[in-house]
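Let me begin by presenting the structure, written as structure tokens, before commenting on it.
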Amino acid sequence: MKKIVFISVLLFLAVNIEALTLQESIAKTLQNHPDIKVFLLKVQQAQKKVSATSSAYLPQINLQAHYDATRTYVFPQNGQFHTQDDSGWDAGAVVTQKIWDFGKTLELIDASKKDADIAKLSLQEAKAFMVYRVKVLYGTMVVQKEAIEVMQKDLEAKEAYYEQALALVKQGLKTNADATRFLSAVYAAKERLAGAKAAYKKAKNRLALYMDEPLDNNVELESDFLYTKPVTEGVEKIVLENNYQLKITKENIVKNSLVHKATRNSHYGSFDAIATYTHFDTLNTYDAKSAGVVLNIPLYSGGKISAEEQQARIATQMSKQQQASKRLEIQDELESLLVDIEHYNQTIEAKKAQYEAAKATKDVLDGRYKEGLGIYIEILDAQASMLAAKLGLLEAYYNRTTAIARIDYLKGKTE
């Protein structure tokens with residue numbers, strides 16, 4: 001009966017353990033994080049800017065009204081001019097239609113479309129960076145959870161050594177120094193365990209904030225991705241073709257070039273069709289109509305148009321240099337990450353060998369110590385070597401996973 005109850009409790013706990021995959025963490029973060037929502041709004045804002053710029057080629061209709069409480073009117077009478085003060089008002093409508101401005105508005109429309117494209121790329125860039133941050137947090141949780149298990153076993157082993165030392169002291173095979181030293185090691189192990197639990201809790205709380213969803217302390221995580229070996233062949237080509245920052249700098253060059261052309265075309269002015277209808281109620285009441293074409297050519301604007309053209313030209317040159325600089329920056333970071341991954345691969349193999357050697361040494365020393373032949377320093381050194389190798393192995397796996405996640409970000413991955 002007790003066995004059945006125990007099994008039932010285990011099944012209940014297993015059903016109620018919350019499982020969280022890496023992909024679920026990413027999906028919920030991209031759905032709920034305010035930074036992503038801001039970039040979504042920026043995309044909408046850029047699209048509205050396209051509509052606003054395009055409206056310059058649509059008819060513009062304005063209503064206007066004018067009232068004078070008193071006004072001096074001049075009129076001829078008998079070959080002479082006479083004046084009369086009176087009130088008066090007029091109201092009417094003006095319709096204007098741009099006919100041609102030598103491509104200025106078309107260039108500005110294309111530039112605003114590039115702004116919209118840049119906003120979309122910035123959204124994808126923000127998603128890729130957010131995915132990178134989630135992978136780092138999730139990896140931290142996985143590593144710290146495994147470190148907690150390792151440190152818990154280390155604590156249990158040192159508590160067992162302490163109990164064993166007390167028994168050997170009673171038998172006269174060991175001195176109180178052995179028991180005291182093992183007790184000190186127990187306290188140090190408890191401190192390390194508390195530190196690992198704190199680091200895990202910090203990462204869990206931060207990921208919960210990103211996801212906008214609370215996480216249970218005993219949440220079940222997937223750890224397979226921590227041990228995935230990276231594929232580095234051809235990665236530079238993939239990064240340079242898909243990196244969102246490089247795509248943004250490329251679009252900026254095109255946009256600034258379009259703005260430069262638009263400001264240059266401002267020198268030529270524009271042809272506009274205009275039609276007006278106005279009703280006057282002054283000394284006389286009458287309607288006035290007009291329809292025609294207007295040519296506006298800016299002959300002199302104090303150097304404003306020329307200065308704006310030069311600003312746009314310089315902005316185009318700057319965007320080209322920024323693209324070259326960003327490319328060098330990404331290549332430098334990528335090469336550094338690839339070197340780090342190679343180093344972490346070597347560290348992983350070394351730590352595995354170190355752990356197996358330390359474990360074999362500890363097994364031998366355990367037997368010697370039980371027979372009263374070994375000393376506590378040997379036992380503690382062997383246990384410390386095992387712990388350092390295991391934690392070092394976890395750290396190497398974490399560092400490699402973080403480097404892979406960073407490369408995925410440079411590739412523009414959003415999942």
Side-chain angles (χ1 to χ4, degrees), residues 22 135-165 178 181-204 218 220-232 337-371 373-406:
L22 176 60
K135 286 180 178 179
V136 171
L137 284 175
Y138 194 93
T140 301
M141 288 179 63
V142 171
V143 168
Q144 291 301 333
K145 197 165 190 177
E146 294 197 13
I148 289 171
E149 294 177 3
V150 171
M151 292 180 184
Q152 183 65 46
K153 291 179 181 179
D154 178 66
L155 174 60
E156 292 170 358
K158 287 174 179 174
E159 288 176 337
Y161 285 134
Y162 173 61
E163 296 296 331
Q164 187 181 62
D178 289 69
R181 186 64 186 84
F182 279 121
L183 180 60
S184 176
V186 167
Y187 289 138
K190 287 182 177 180
E191 183 181 356
R192 284 193 295 268
L193 179 60
K197 288 181 177 179
Y200 171 80
K201 188 174 182 180
K202 286 180 181 179
K204 178 184 71 67
N218 297 320
E220 183 179 343
L221 305 171
E222 58 177 4
S223 58
D224 293 345
F225 84 103
L226 197 67
Y227 307 104
T228 302
K229 291 185 177 180
V231 178
T232 57
L337 288 169
L338 293 175
V339 171
D340 287 340
I341 287 176
E342 184 179 354
H343 167 65
Y344 297 141
N345 286 336
Q346 295 174 353
T347 302
I348 288 169
E349 296 304 318
K351 291 298 181 182
K352 284 180 179 178
Q354 183 182 346
Y355 176 77
E356 293 300 327
K359 187 175 182 300
T361 301
K362 189 186 81 67
D363 291 341
V364 173
L365 293 175
D366 279 348
R368 288 173 52 83
Y369 189 78
K370 288 178 182 178
E371 299 297 328
L373 300 176
I375 58 176
Y376 67 86
I377 294 177
E378 293 175 332
I379 294 292
L380 289 175
D381 284 347
Q383 186 69 22
S385 295
M386 277 185 58
L387 179 63
K390 190 64 176 179
L391 294 179
L393 182 60
L394 287 174
E395 182 182 7
Y397 276 127
Y398 171 75
N399 289 335
R400 188 179 72 176
T401 301
T402 301
I404 295 171
R406 186 68 183 181

Output yes when a side-chain donor or acceptor of Tyr138 lies under 3.5 Å from a complementary backbone atom of Glu222, and no otherwise.
yes
Closer than 3.5 angstrom, by distance alone: can the side chain of Ser385 be matched with the main-chain N or O of Ala358 as a donor-acceptor pair?
no
For a 4.5 angstrom cut-off between non-hydrogen side-chain atoms, does [X] reach [Y]?
{"X": "Thr401", "Y": "Phe225", "answer": "yes"}
{"X": "Lys190", "Y": "Glu159", "answer": "yes"}
{"X": "Ile404", "Y": "Thr228", "answer": "no"}

To the nearest 0.5 Å, what is the distance between CD on Glu342 and CG on Leu338?
9.0 Å
Return the NZ to CD distance between Lys390 and Glu149, rounded to the nearest 0.5 Å.
9.5 Å
Kindly check if the number of other-residue, nucleotide or ligand heavy atoms within 6.0 Å of CD (Glu191) is above 12?
no
More than 12 non-hydrogen atoms from neighbouring residues, nucleotides or ligands closer than 6.0 Å to OH on Tyr187, yes or no?
no
Identify the two heavy atoms, one from Leu387 and one from Val150, that lie closest to each other, and give their separation to 0.1 Å.
CD1-CG1, 3.8 Å
Would you say the rings of Tyr397 and Tyr344 are close, in the sense that their centroids are separated by under 6.0 Å?
no
Is the shortest distance from a Lys or Arg side-chain nitrogen in Asp154 or Arg192 to a carboxylate oxygen in the other one below 4.0 Å?
yes
